[in-house]
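One structure below.
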Protein chains: 2
Amino acid sequence: MNETPALTKNQSLVMSVLSEAKSPLSAYQILDELRPEGLRAPLQVYRALDKLTEHKLVHRIESLNAFVACSHAAEHGGEMVAFAICEACGRVEEFCDPVLQSRLAAWSHEHDFIPTRTTLEIKGRCAACH
Amino acid sequence: MNETPALTKNQSLVMSVLSEAKSPLSAYQILDELRPEGLRAPLQVYRALDKLTEHKLVHRIESLNAFVACSHAAEHGGEMVAFAICEACGRVEEFCDPVLQSRLAAWSHEHDFIPTRTTLEIKGRCAACH
DNA sequence: CAAGATATGTAATGTAATAACATATCTGAC
DNA sequence: GTCAGATATGTTATTACATTACATATCTTG
């Protein structure tokens, strides 16, 4: 299995900002947080995000063009991850569901489709916001 | 129920471009197709896309920042729609699945989450591309 | 240490989406 | 018919998101 290698300086900086955030941040928001640390260009953030996403320490929320720290304490398998996004408070809940996963696998198999990545994002209102 | 009102000029133009496309198009690609018809600004396209999306004649593919014509001949109910996107040929297959839908509804109910919109996009290789 | 790989820094550019404001067209009440 | 409000359109400028291209530094490992 793939070990998670030690993070580089920029990766650590980006990771720490995301870990403390209460909701997803855009790359440019992360950059702003890290200007005091000396980061200047978007690419520095995007490169770190690429690696962190590869290691699954960070997930990209496609419908927001933003990023969140993974909330699964440790290792993902090859599992699909889903997100519930509150439109009121901005918080995101990450979850896995074996039924969803197997149903999608079944669809793919039936249609001779080889999946590489699944995006599943539900927007709405969380328990705290209604 | 909401009737689909007649389309306006720009809405028709955008709709016809998307209907003929083999894969999703970005707003700017649509704009380029419609320059000969006299469109000049992104906003003209975005406004049409907003309305078409509202009427569910067009779907936005979040993971591509692009748009496709709905392939369901006629009316959606409140159903969730999913997409399988081929990374090789770019084609998108739209599908509905009651099991996925009810499972997501169950998750939402259990977590006291009120969903408004669901994004479900699978990327991979379609039958024709392997 | 030298060589290749990985990480970083910087500027410029490309792509996606919206804000603000002006004008035109459509529609129903009178 | 015409006036008023709503809807649609046109145009410019700006904001937000992401990548290309190139230079430099640091980290392995033989």
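Letters A, B, ... are given to chains in the order of the sequence lines, protein chains preceding strands, and every chain is numbered from 1. In this text the structure is predicted, and so the values were computed from the model without any measurement.
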Pairs: protein N or O with nucleotides 8-10 of chain C N or O, under 3.5 Å:
unit_1: C:dT8; atom_1: OP1; unit_2: A:Thr8; atom_2: OG1; d: 3.0
unit_1: C:dT8; atom_1: OP1; unit_2: A:Lys9; atom_2: N; d: 3.3
unit_1: C:dT8; atom_1: OP1; unit_2: A:Asn10; atom_2: N; d: 3.2
unit_1: C:dT8; atom_1: OP2; unit_2: A:Thr8; atom_2: OG1; d: 3.3
unit_1: C:dG9; atom_1: OP1; unit_2: A:Lys9; atom_2: NZ; d: 3.2
unit_1: C:dG9; atom_1: OP2; unit_2: A:Asn10; atom_2: ND2; d: 3.1
unit_1: C:dG9; atom_1: OP2; unit_2: A:Gln44; atom_2: NE2; d: 2.5
unit_1: C:dG9; atom_1: O5'; unit_2: A:Gln44; atom_2: NE2; d: 3.3
unit_1: C:dG9; atom_1: N7; unit_2: A:Arg47; atom_2: NH2; d: 2.4
unit_1: C:dG9; atom_1: O6; unit_2: A:Arg47; atom_2: NH1; d: 3.0
unit_1: C:dG9; atom_1: O6; unit_2: A:Arg47; atom_2: NH2; d: 3.3
unit_1: C:dT10; atom_1: OP2; unit_2: A:Arg40; atom_2: NE; d: 3.1

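- Side-chain contact check for B:Met80 versus B:Leu104: some heavy-atom pair is nearer than 4.5 Å.
- B:Gln29 has its CD atom 16 Å from the P atom of C:dG14, to the nearest Å.
- With rounding to whole Å, A:Asp50 atom CG is found 16 Å from D:dC17 atom P.
- Here the P atom of nucleotide D:dA18 and the CG atom of B:Asn65 are 8 Å apart, to the nearest Å.
- One can place CD1 of A:Ile30 at 10 Å from P of D:dA18, the figure rounded to the nearest angstrom.
- Residue pairs meeting the side-chain hydrogen bond (donor to acceptor under 3.5 Å, both in side chains) criterion with at least one member in residues 32-46 of chain A, sequence neighbours excluded: A:Asp32-A:Arg35.
- Rounded to whole angstrom, the span from the CD1 atom of A:Ile61 across to the P atom of D:dA18 amounts to 13 Å.
- Smallest separation of non-hydrogen atoms from A:Asp112 and B:His130: O-CE1, 3.1 Å.
- Distance, B:Leu13 CG to D:dT9 C1': 12 Å, rounded to whole Å.
- Each of B:Pro42 and A:Ala66 lies near DNA chain D, and the nucleotide nearest B:Pro42 is the one positioned closer to the 5' end.
- Remark: ring of A:Tyr46 not stacked against base of D:dT19; the cut-offs of centroid gap under 5.5 Å and plane tilt under 30° are not jointly satisfied.
- The CG atom of B:Leu7 sits 16 Å away from the P atom of D:dT7 (whole-angstrom rounding).
- The interatomic distance linking A:Glu62 (CD) with C:dA16 (C1') rounds to 14 Å, in whole Å.
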Evaluate A:Val58 against A:Val14 for side chain to side chain contact (heavy atoms under 4.5 Å, CB included), listing each step before the verdict. CA-CA 10 Å; A:Val58 163; A:Val14 169; 5.7 Å; no
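- Taking side-chain N and O atoms only, B:Arg60 has a distance below 4.0 Å to OP1 or OP2 of C:dA17.
- Residue-environment remark: NE2 (A:His111) exceeds the threshold of 12 foreign heavy atoms within 6.0 Å.
- Between A:Lys123 and B:Glu62, none of the side-chain N atoms (NZ, or NE/NH1/NH2) sits under 4.0 Å from a carboxylate O, so this pair counts as no salt bridge.
- Residues B:Leu18 and B:Leu57 are not in side-chain contact: their nearest non-hydrogen atoms beyond the backbone lie 4.5 Å or more apart.
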